[in-house]
Amino acid sequence: MIMMKVVGNRRLPDSPEESLRRAERLIAEADLLASHPRPRGFVFKAKTWEAYESWKREQTNPRLW
């Protein structure tokens, strides 16, 4: 017979509502710690990959991509 060491107790899964509350709280805390503001949603269309890479390099906010 093989003995297995068990550390701690298994948590019961959260309800969907509790998971959503925890996720929203984590996102709010991350926004407080972030050095750049969260950008509004937008669509950037580049004609070529080179144009996209050029635009991406010019951005100072790492949250844009």
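- Note on residues 22-37: pairs passing salt bridge (charged side-chain N to carboxylate O under 4.0 Å, His left out), not counting sequence neighbours, are Asp14-Arg22, Asp31-Arg38, Asp31-Arg63.
- Partners of Thr48 under the side chain to side chain contact (heavy atoms under 4.5 Å, CB included) rule, at least two apart in sequence or in another chain, are Glu50, Ala51.
- The hydrophobic cluster containing Ile2 does not contain Val6, counting ILVMFWY residues as joined when their side-chain heavy atoms lie under 4.5 angstrom apart, directly or transitively.
- For the atom pair CH2 of Trp55 and CZ of Phe44, the computed distance is 6.0 Å after rounding to the nearest 0.5 Å.
- By the side chain to side chain contact (heavy atoms under 4.5 Å, CB included) test, Ser15 pairs with Glu17, Glu18, sequence neighbours left out.
- Residue Trp49 holds its CH2 atom at 9.0 Å from NZ of Lys56, rounded to the nearest 0.5 Å.
- Placement of Ile27 and Leu32 in two distinct hydrophobic clusters is found when ILVMFWY residues are connected by side-chain heavy-atom separations under 4.5 Å, directly or transitively.
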